[in-house]
Amino acid sequence: MEFDFKSYHIRAINASDEAEKKAINQELKDFYASLGEEEKKVFNAELQRYLLQEVGRLGSDYEAIKNSNA
């Protein structure tokens, strides 16, 4: 399984209001609920990997901005 977490992330960032963000979140929850137990394990592992990559990228971006202003 290769789930496109980035597309959900970008859609949520660009949501026009809180209601749209909630609808996107519900869509993701519904998708997760439709998965079998093994698929949920894979989904969770992929989600963790995606989140770690994003946090690492944000940390790198922050450091670059911080150092450019020093």
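In this structure, Val42 is a member of the same hydrophobic cluster as Leu47, with clusters built from ILVMFWY side-chain heavy atoms closer than 4.5 Å.
Listed by chain and residue number, Met1, Phe31, Tyr32, Glu39, Lys40, Phe43 satisfy the side chain to side chain contact (heavy atoms under 4.5 Å, CB included) test with Leu35 (two or more places apart in sequence, or in another chain). Partners of Asn14 by side chain to side chain donor-acceptor pair (under 3.5 Å), not counting sequence neighbours: none found. The side chain to side chain contact (heavy atoms under 4.5 Å, CB included) search around Gln26 returns Lys29, Asp30, not counting sequence neighbours. The side chain to side chain donor-acceptor pair (under 3.5 Å) search around Ser34 returns none, not counting sequence neighbours. Residues satisfying the side chain to side chain contact (heavy atoms under 4.5 Å, CB included) test with Glu27, not counting sequence neighbours, are Tyr8, Arg11. Applying the side chain to side chain contact (heavy atoms under 4.5 Å, CB included) test to Glu38 and every residue at least two apart in sequence or in another chain returns Lys41.
Ile10 has its side chain within reach of Lys6: a pair of non-hydrogen atoms, C-beta onward, lies under 4.5 Å apart. Side-chain contact between Lys21 and Asn25 is absent, with no heavy-atom pair separated by less than 4.5 Å. In this structure the side chain of Tyr50 reaches within 4.5 angstrom of the side chain of His9, judged on heavy atoms.
Shown here for Ala15 and Ile24, the closest heavy-atom pair between the two residues is CB-CD1, 4.4 Å.
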